[in-house]
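See structure below.
Keep in mind that what you see is a predicted model, and the values were worked out from it rather than measured. In what follows, chains carry the letters A, B, and so on, assigned in the order in which the sequence lines appear, proteins first and then strands, with residues in each chain numbered from 1. These numbers come from the heavy atoms of this one structure, side chains and all, not from hydrogens, waters or symmetry mates.
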There are 2 protein chains.
Amino acid sequence: MAVTLHDVAREAGVSYATASRALNGSDRNVRQENAVRVQAAAARLGYVPHAPAQAIARGSTNTVALVVSDVDDPYFSMIAAGVIDAAEDAGLIVTMAVADRSPGLELQIVRTLRGHRPRAIVVAGSRIDGSGERASLVEELEAYRASGGRVSLISQPDLPFPTFAIDNTGGARRLALELAGLGYQRFAVVHGDDAIRASRDRRTAFADGLREAGLGLDPGCEIATDFSRSGGLAAAERLAELARAGVEAVFAVTDVMAIGAMSGLRAAGLRPGVDLALAGFDDIEAAGEVTPGLTSVRAPLREVGRRAVEAALSGAPAGVVDIPVEVVLRDSTPPRHRGADPPRTVVVNGATHLTARKGHDVAASSQAHGHVT
Amino acid sequence: MAVTLHDVAREAGVSYATASRALNGSDRNVRQENAVRVQAAAARLGYVPHAPAQAIARGSTNTVALVVSDVDDPYFSMIAAGVIDAAEDAGLIVTMAVADRSPGLELQIVRTLRGHRPRAIVVAGSRIDGSGERASLVEELEAYRASGGRVSLISQPDLPFPTFAIDNTGGARRLALELAGLGYQRFAVVHGDDAIRASRDRRTAFADGLREAGLGLDPGCEIATDFSRSGGLAAAERLAELARAGVEAVFAVTDVMAIGAMSGLRAAGLRPGVDLALAGFDDIEAAGEVTPGLTSVRAPLREVGRRAVEAALSGAPAGVVDIPVEVVLRDSTPPRHRGADPPRTVVVNGATHLTARKGHDVAASSQAHGHVT
DNA sequence: TTGAAAGCGCTACCAG
DNA sequence: CTGGTAGCGCTTTCAA
């Protein structure tokens, strides 16, 4: 049905082998004249090499597989963009699958993808704890690697593969310090299920940061909800109550949740940023576009995607690469001037001096390299 | 290096052929006992069938290829989400490539993809006119189809394949009528290069709608800029001038551009929705999240993605399926009450009665099925 | 129900 | 430099 190399060879009047060499041979051992002849024939016939056949003959494909939790989430689409960039640079095609935050599905997907024998598999998505599938996932990836495949992970910092870990802990902690520095004293946190590592890490690190700043976090102020926009929306009612009870600022563990909460607060008659300050995490594009601009913690997601495939392809050793993040202050957390209190100055680790600056759109705080955790 | 069917067969103590049948055979002609034996062996060895080999033996793969212009654009990520959904339902894996709005790259990508012999290729992305590559694209796609592949297109309504066309024309026109009905009289339009079909169609249809409502559009009020967020941002300065000169409302041909313009207007000291009304197109998620909510035209992108793969897989005939859109009025275009003028009532095609309703978040206008164009 | 063997389209090695 | 040809891993007749 389709045009095969055989047809091209015949059309060009050369042997099968010669045609192959002329078209894809790493050798240059083909007479100019024949090469041209073959290429012309291929073009005339609309021949495209059969990738699966090449894969089987060569023993390797030209694809990279990417597993994400959700496509329609800006967090993952930025990562995907980076992955696709890097793959393209390497002349590879990207195969993408969505695990929908289900460890079971994720496992199954990795199995399927492995069958396609990609050059590398990149798994992005927050680790779900406590699932029996975890061990199976590792096993699967290990088997893949054993058969010559390369693996790299984004944000699953406890598996035996090269891993790019967004610094959730450091980011959330520093965010807490920044907000404290801005004069906020009473906080609430909106988070997802603790089984979602990113959610738990950010939540606890934020609380730690608060403690470090000499502030507390009332247990009643930690609102568990769905790890999504609608979760944030649903939390709004409770937040409104808390605001009335004196809470001044909320940290939602993702921007998506924070933006949901923002809508909900408005619906409840509160003015985000005025009646209740709000901060998120990830610094997705929308964070800079909502009003008031959402204070957040930025991770270079696109770059992480790039680096993940580069690392995998280059056969990087297992180990965690901490991806530094930076706090981005926007109008949703205006400085809170209290006549009584003196302006706060926070000293971290007895060294880094965190100053809360504020710019029009993006005001990055102190650097976040390494283990500030 | 990797575990092969051969290994499994040996481990299970049966023949190669039997192992194959037990694992993937469409037949059920394997004794229960052997089947179990083989499956156990496969599990023990961590065997995964070699997809390229299966592809070559069977003559068909289990992938669907998707070509988009940009991943990191919500318009395309919604479509991608739909495509992935449908593919998953069909037990297929999605291969995704980004053409970056370059016809040349798109062509090259389709060629490469074709080599992978996917079951179907779905091409999304607004057609770029006037490029010589167009014919080549069609040729490539045609060759692919000739070799048994299925093709479907999203929003490229003039190629000989099953196509899902967002009703840009009808949507923009109806948006114009709605805005006129709201009392706006002086407009500006922010658009991209006319070579981008979606941009041109929306722009001209909007002008047509205005004309239909008895309003004009000053040529000086059509601002050509980059077909992106930053393009919208860049147009803001000009928009501010126009607003001062009496322009009341702006239509940006995409939400992404409109949101960029919104930021820019704010920076210029104007209040979007108050000093200048603003409307976009696509109804991406962010449209409902910015403040004021952005009036837009909604297309069921995710569903379109689903349908595109379903159509391709089921071998739908060439032809255009018009995807109806609906106008979504939000706070960025508040009704404009003018003491003098009587409330407008617009009659379309002498039949449909368009009423501008306004809800909290989503107020859909009259239906948009078929050829209202 | 099973095993043997013929391909699938291509690459790469081995002689010429 | 070129043509034969042996695989690559799997599916699928064809006999047994």
Round to the nearest Å and state the distance from [X] atom [atom1] to [N] atom [atom2].
| X | N | atom1 | atom2 | value |
| --- | --- | --- | --- | --- |
| A:L5 | C:dC10 | CG | P | 5 Å |
| B:H6 | C:dA5 | NE2 | P | 13 Å |
| B:L23 | D:dT12 | CG | P | 13 Å |
| A:Y16 | C:dC14 | OH | P | 19 Å |

Closest to the 5' end of DNA chain C, once B:A17 and B:A57 are matched to their nearest nucleotides, is B:A17
Would you say [X] places a side-chain N or O within less than 4.0 Å of OP1 or OP2 belonging to [N]?
| X | N | result |
| --- | --- | --- |
| B:R31 | C:dT1 | no |
| B:N34 | C:dT1 | no |
| A:T4 | C:dG9 | no |
| B:S15 | C:dA4 | no |
| A:T18 | D:dT2 | no |

Please examine the side chains of A:D158 and A:R197, heavy atoms only from C-beta on, and report whether any two atoms are closer than 4.5 Å. yes
Is the shortest side-chain heavy-atom distance between B:V151 and B:E140 below 4.5 Å? no
Could you check which residues of residues 38-54 of chain B get a heavy atom under 4.0 Å from DNA chain D? Sort them by number, please. B:Y47, B:P49, B:H50, B:A53, B:Q54
Is it true that, when you exclude A:R101 itself, more than 12 heavy atoms of the residues, nucleotides or ligands shown sit nearer than 6.0 Å to its CZ? yes
Between A:A312 and A:R150, the two heavy atoms sitting closest are O-CG, 2.7 Å
So which heavy atom on A:E88 is nearest to which on B:V98, and how close? OE1-O, 3.9 Å
Looking at B:E310 and B:R307, is any side-chain nitrogen of the basic one under 4.0 Å from a carboxylate oxygen of the acidic one? no
Distance criterion of 3.5 Å, no angle test: do you see the side chain of A:R21 paired donor-to-acceptor with the base of D:dG3? yes
